[in-house]
Amino acid sequence: MNSHAMNRTFISQLGPEVLGKAVMVEGWVHEIKRLKSVDFIMIRDKTGIAQVTVKKDSPLKGFNLESLNRESVLKVKGLVPEKQISRNMIEIAATDIEILNRSAAPLPLPVAENIESDLETRLNNRFLDLRRHENYSIFEVKSSLLWGIRTFLHSQGFIEVNTPKVVASSTEGGADLFKVKYFEMDAYLNQSPQLYKEILISSGFERVFEVGPAFRAEKHNTTHHLNEFTSVDIEMGFSDHEDAMLMLEGAVKSGIENVVKSSTRPSTSSSTSLNVPEIPFPRIEYSRCLELVQAAGEKIEFGSDFSPEQLRIIGDSYPGFYFITKWPSELRPFYTMVDPDDETLSNSFDLQFREREITSGAQRVHDPEMLRNRFLKKGLKPADFDFYLNSFLYGMPPHAGWGLGLERLTMILLDLKNIRETSLFPRDRTRIVP
RNA sequence: GCCCCGAUAGUGUAGCGGUCUAUCAUACGGGCCUGUCGAGCCCGUGACAUGGGUUCAAAUCCCGUUCGGGGCGCCA
């Protein structure tokens, strides 16, 4: 830290102990109020808002209040008066104001006003939108959440890895991939680190996790899908789906604990779900969910996925986090282990929060012959996946893992209506800028 | 990909055939004002996405285009 930063005080740190003392704060002009005998400048940094007062008779060099716009960047030195007149924020009597940079006016988006703008307008001017504390706090929560998950996984002997996002072939065959030019070759943006983290299990890493982008070229248009999202993935050797579920609920609990502990309280409307959940989460078998949904009068047969409406029915019975386990084999990707007791089922699970899916996981197939057959059954060419299959030929341990959508989890914790709010610069069907 | 819906000042909105030289709030510019704190008061600037059509008359009705929203499918 340099001497400049050391002189600066964050606004939230201006407490009773600074009364009568000289301070220096830096930030943006939140609001200006000019009265006859005194001018007020609300200054905002990422921690809070303070009121800078300038008496009309106080000569401030290099300072021209008349031409000062909102959102200009200031460095203010001043005295914090013993006698505070301001009712809801700390007051600083300015002795020196330096305009570090000016803002243009009018703003394309209100920062200080309580006017709701369309998400479209907000995203087009995201840099300004994020100056609002309630929006910043979403990313504070997301960061704390991830930190808590990372801490937990480290405590369980996982190491964090990074695998390629530019790949030659599809992971699961199903989801659409973004095609990119890679010199003279065709390549794709990876939809999941699945194959690579499994290879690392063959490499003897035993426990790995990765936090990285995943790309899905699906033309969905919903409030809970992004074409680029942050996937938290784990894979663990000598383990099955039960082990993976233990890790998952532990990680989620640890993440939320960290949010509750460290957040400066999200100012988002309703953060009712921000209680540390009890573990273990309920484990509900797919067949049980099927009964539940059928009992509610829905038409669904074994082998079908649940519609949003049907997930709502299940969610009503299990408010909070719960696992749906033992999914039909045919609904799962080729690398999913079948249930040895019932070939039609798989050792798989989804983590749900009410009607929302957050995580998908399973024990994986580790027998190369079985894997080859699964490829064929799903209509995939094993030859395209030699780089992956080869790692199964020379000693691949049984293993399991999961992938968690970080934006989904953040959205759920903060009860946000649109997943785009949880991505700094979301990529959806039509948006690649900014 | 399918099905609904929408587009009015910087921002968010009202208006849904003539009374629209278009409402309100806020921002912005100017002025006033016991230190304001969701400040207040006065004045001002500023908009009907786009092309065609119907009509004596279109922000308003119809069609196309562009852009956007929601739901479904698929998934994390």
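Chain naming here is simple, since letters A, B, ... match the order of the sequence lines and numbering starts at 1 in each.
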Quiz item: Is E343(A) atom CD crowded by more than 12 heavy atoms from other residues, nucleotides or ligands, each under 6.0 Å away?
Solution: no

Quiz item: For G71(B), does OP1 or OP2 lie under 4.0 Å from any side-chain N or O of T223(A)?
Solution: yes

Self-check item: Pairwise C1' distance, C33(B) and G40(B) [rounded to whole Å]
Solution: 8 Å

Quiz item: Considering only the P atoms, how many Å lie between A49(B) and U11(B), rounded to the nearest integer?
Solution: 13 Å

Exercise. With heavy atoms under 4.0 Å as the rule, sort Q51(A) into base, sugar-phosphate or nothing.
Key: base

Practice problem: For G52(B) versus G69(B), give the span between their C1' atoms, rounded off to a whole number of Å. | Solution: 26 Å

Quiz item: How does protein contact run along nucleotides 6-15 of chain B, one letter per nucleotide 5' to 3', with B for base contact, S for sugar-phosphate only, - for none, heavy atoms under 4.0 Å?
Solution: ----SBS---

Self-check item: G71(B) and C63(B), which share atom name C1', separated by this distance in whole Å
Solution: 26 Å

Quiz item: Are OP1 or OP2 of C28(B) and a side-chain N or O of R70(A) less than 4.0 angstrom apart?
Solution: yes

Quiz prompt | Under-4.0 Å side-chain N/O to phosphate OP1/OP2 contact, T222(A) with C74(B) | solution = no

Quiz item: What residues in residues 295-314 of chain A put a non-hydrogen atom under 4.0 Å from any atom of RNA chain B?
Solution: D305(A), S307(A), P308(A), R312(A)

Quiz item: Using the C1' atom in both, what is the distance from G46(B) to G29(B), to the nearest Å?
Solution: 11 Å

Self-check item: Member of E235(A), H399(A), E198(A) meeting the side chain to side chain donor-acceptor pair (under 3.5 Å) criterion with R364(A)
Solution: E235(A)

Quiz item: Rounding to the closest angstrom, what is the interatomic distance between U65(B) and C3(B) at atom P?
Solution: 14 Å

Exercise. Please answer whether the main-chain N or O of F152(A) pairs with a side-chain N or O of S155(A) as donor and acceptor at a distance below 3.5 Å.
Key: yes

Quiz prompt | D45(A) side chain reached by E26(A) side chain, heavy atoms, under 4.5 Å | solution = no

Quiz item: Can you tell which of U36(B), A76(B), G70(B) lies closest to the side chain of N221(A)?
Solution: G70(B)

Practice problem: Using the C1' atom as the reference point in each nucleotide, state the distance between A9(B) and C56(B) in Å, no decimals. | Solution: 31 Å

Practice problem: Using only side-chain N and O atoms of N88(A), determine if any of them is under 4.0 Å from OP1 or OP2 of G38(B). | Solution: yes

Quiz item: Any sub-3.5 Å donor-acceptor pair from E249(A)'s side-chain atoms to P280(A)'s backbone N or O?
Solution: no

Quiz item: Reckon L404(A) touches a base, only the sugar-phosphate, or nothing at all at heavy-atom distances under 4.0 Å?
Solution: nothing

Quiz prompt | Test item: T344(A) and F302(A) side chains (from C-beta on) under 4.5 Å apart, heavy atoms | solution = yes

Quiz item: Taking S144(A) as the fixed residue, which of V259(A), I149(A), I256(A) is the one that meets the side chain to side chain contact (heavy atoms under 4.5 Å, CB included) rule?
Solution: V259(A)

Quiz item: Taking only Watson-Crick and G-U wobble pairs with both distances under 3.5 Å, what dot-bracket line describes RNA chain B, where [ ] shows pairs that cross earlier ones and | shows pairs with another strand?
Solution: (((((((..(((.....[.....))).(((((.......)))))....(((((..]....))))))))))))....

Quiz item: Where each residue is assigned the nucleotide of RNA chain B containing its nearest heavy atom, which of G403(A) and R420(A) is assigned the position nearer the 5′ end?
Solution: R420(A)

Quiz item: What is the nucleic acid contact for S86(A), judged by heavy atoms within less than 4.0 Å: base, sugar-phosphate only, or nothing?
Solution: base

Quiz item: With distance as the sole test, does R44(A) use its side chain to make a donor-acceptor pair with the main-chain N or O of I49(A) at under 3.5 Å?
Solution: no

Quiz item: Reckon N69(A) has a side-chain N or O less than 4.0 Å from the OP1 or OP2 of G29(B)?
Solution: yes

Quiz item: Quantified in whole Å, what is the C1' atom distance between nucleotide G64(B) and nucleotide U26(B)?
Solution: 36 Å

Quiz item: If each of N418(A) and H225(A) is mapped to the nucleotide of RNA chain B with the nearest heavy atom, which maps nearer the 5' terminus, i.e. the 5' end?
Solution: N418(A)

Exercise. Using only side-chain N and O atoms of K33(A), determine if any of them is under 4.0 Å from OP1 or OP2 of U36(B).
Key: no

